[in-house]
Participant: 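Please see the structure below; I have some questions.
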Amino acid sequence: MSKTILLITIPVFLYSILSNFEIDQNNLLLISIVLTTILFWATNLVPGFYSSLLFLFACAAFSLSSKELIFSGFASSAFWLVFAGMLIGTAIKNVNLTHRFSKIFSNLKNVTYLNIIISITIFSALTSFVMPSSVGRVVMMVPIAIAVANSFGFKENDKGYIGILLTFIITTSMSGFAILPANIPNMILTGLSSQLYNYDILYSHYLITNFLVFTILKDIIIVVLIYNFFNDTPKIINKNKTKLKFSKNELIVIFTILLMITFWATDFIHKISPSIIAICGILFLAVPSIGIIKSKDINSINFSSLLYVATIIGLGTVVAHNDYIKEVLSSLINLYVPSQYPILNYMKVTLVMSLTGIIATQPSIPAIFTPMAEQISNVTGFSFDQILMMQVAAYSNIFFAHQAPPLIVGLALSKIKQRHILKVLITLALLTTLFLYPLQYFWIEFLNSFL
């Protein structure tokens with residue numbers, strides 16, 4: 001009963017507070033429903049599917065945006081990658097391939113929980129150089145993560161199980177922010193800077209500027225946090241070195257996955273969407289004569305998770321295309337008052353960009369701020385290139401899982417509750433803001449001294 005009361009009072013309360021400002025009716029309703037939806041997602045006050053349906057219904061019923069934007073998530077690459085990922089995971093399980101992948105980690109010489117998560121982190125960072133789609137990487141990693149956790153004797157609700165899966169999901173997603181083709185926001189940033197300003201961001205420049213702080217140092221912090229929150233003792237260490245021959249179906253699934261990875265890794269050449277590649281792989285595995293993916297596998301898909309992913313992407317798209325929100329952000333930029341300490345100015349500007357991602361989601365940060373980069377540069381005094389790199393610091397800093405589609409995909413596929421990842425993300429975001437932002441500022445200054 002109390003949840004029902006909150007379900008009604010929260011949007012009414014937000015609407016009444018926002019109505020004190022000079023906002024037209026449509027934008028007032030939009031901002032109220034966006035904030036309500038995000039609050040419901042973050043707190044799990046109501047089931048995820050209900051929050052998602054509430055947002056879609058309210059936006060469509062009150063014409064708060066175009067239907068193309070509201071339902072854009074259903075046509076997005078991430079949505080279809082999640083769909084395909086669920087079926088890829090099923091295919092891997094159907095042919096019992098998971099135990100083979102898990103041997104990479106279960107054959108560690110000195111098996112401790114810390115060594116396990118360090119190995120996972122290194123493995124995840126390396127895959128970011130090979131596979132350009134963070135969502136695609138997460139899709140491939142989750143079945144492996146489950147097998148690794150099981151190989152060490154961890155069951156679904158064990159701390160060790162949750163920690164291993166979160167290490168795979170978080171590091172697979174976040175390591176790629178410092179590698180240019182590895183995440184969607186990176187590509188939006190480089191695409192818009194080239195399109196709007198004829199300014200090409202070089203792969204090497206991007207990597208050198210961001211990799212030390214936002215991959216190496218951040219991954220170290222992630223390992224420390226996961227170990228602190230989820231440290232557990234491996235219960236079963238299976239080092240059976242008996243080599244079993246691959247079955248025909250195992251070889252088919254391996255061939256399909258390797259082919260998909262090859263196409264994902266070379267998308268800069270052929271320009272085929274990661275989701276198209278994934279769907280082609282699913283269609284091949286579902287061919288009746290092969291039959292690795294069956295009708296029952298389609299029927300077992302968790303549509304609630306798919307709805308969740310589609311709605312998050314739709315919400316970010318609606319916010320990013322809202323003129324009123326853009327005007328508010330532009331006005332806030334013009335109110336900027338610099339301090340006498342450049343490092344504080346860097347932190348303030350970057351933090352404002354980062355906090356925008358809580359409402360607009362991470363891929364929307366470069367979509368919103370890159371067109372405003374020259375204005376921000378003129379107002380703050382930072383160079384145009386520094387403003388672009390500040391966006392990297394901003395969209396790599398994630399407070400809540402709903403901000404980043406790869407994290408939502410990982411949670412959906414692994415069935416890990418948001419509360420587990422929330423304490424890692426919030427702690428990581430605070431440490432990033434207080435320590436990594438200043439370190440990044442000094443690192444950029446150090447690099448600039450050689451240019």
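Hydrogens, waters and symmetry mates play no part in the numbers below; they use all other heavy atoms, side chains included.
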Participant: Rounded to the nearest 0.5 Å, what's the gap from OG1 on Thr432 to CG on Leu351? Could you check?
Facilitator: 11.0 Å
Participant: Taking the six-membered ring of Tyr437, is NZ or CZ of Lys348 closer than 6.0 Å to its centre and within 45° of its axis?
Facilitator: no
Participant: Counting only N and O atoms by type, is there a donor-acceptor contact under 3.5 Å from the side chain of Asn231 to the main-chain atoms of Tyr227?
Facilitator: no
Participant: Specify whether Phe152 and Phe154 have parallel, tilted or perpendicular ring planes, treating 30° as the upper limit for parallel and 60° as the lower limit for perpendicular.
Facilitator: tilted
Participant: Stepwise, does the side chain to side chain donor-acceptor pair (under 3.5 Å) test hold for Asn210 with Thr215?
Facilitator: CA-CA 7 Å; Asn210 300 296; Thr215 294; over 6 Å; no
Participant: Is it the case that Asp385 and Tyr199 place a side-chain donor and acceptor less than 3.5 Å from each other?
Facilitator: yes
Participant: Can a donor-acceptor pair be found between the side chains of Ser65 and Asn322 at a distance below 3.5 Å?
Facilitator: no
Participant: Please check if the side chain of Trp80 supplies one atom and the backbone of Ala278 the other of a donor-acceptor pair under 3.5 Å.
Facilitator: no
Participant: Could you tell me which residues satisfy side chain to side chain donor-acceptor pair (under 3.5 Å) with Ser204, sequence neighbours excluded, listed by chain and number?
Facilitator: none
Participant: Using ring-ring contact (aromatic ring centres under 6.0 Å, His included) as the criterion, list what pairs up with Phe229, not counting sequence neighbours.
Facilitator: none
Participant: Can you tell me if Asn27 and Asp24 form a side-chain donor-acceptor pair at under 3.5 Å?
Facilitator: yes
Participant: May I ask you to decide if Ile169's main-chain N or O and Ser173's side chain share a donor-acceptor pair within less than 3.5 Å?
Facilitator: no
Participant: Output all residues satisfying side-chain contact (heavy atoms from CB on, under 4.5 Å) with Glu445, sequence neighbours left out; order by chain, then residue number.
Facilitator: Gln386, Tyr441, Asn448
Participant: Using only atom types and a distance under 3.5 Å, with no angle test, would you say the side chain of Thr36 pairs donor to acceptor with the backbone of Ile33?
Facilitator: no
Participant: Hey, are Asn345 and Tyr336 close enough side-chain-wise for a donor-acceptor pair under 3.5 Å?
Facilitator: yes
Participant: Got a sec, which residues hit side-chain contact (heavy atoms from CB on, under 4.5 Å) with Val352, two or more places apart in sequence or on another chain?
Facilitator: none
Participant: Holding to side-chain contact (heavy atoms from CB on, under 4.5 Å), I want the full list of residues that pass it with Phe74, two or more places apart in sequence or in another chain.
Facilitator: Leu56, Phe71, Phe79, Leu307, Ala310
Participant: With distance as the sole test, does Asp219 use its side chain to make a donor-acceptor pair with the main-chain N or O of Ile216 at under 3.5 Å?
Facilitator: no
Participant: Applying side-chain contact (heavy atoms from CB on, under 4.5 Å), name anything that partners Ile398, two or more places apart in sequence or on another chain.
Facilitator: Met174, Phe177, Gln362, Gln403, Ala404, Leu407, Leu425
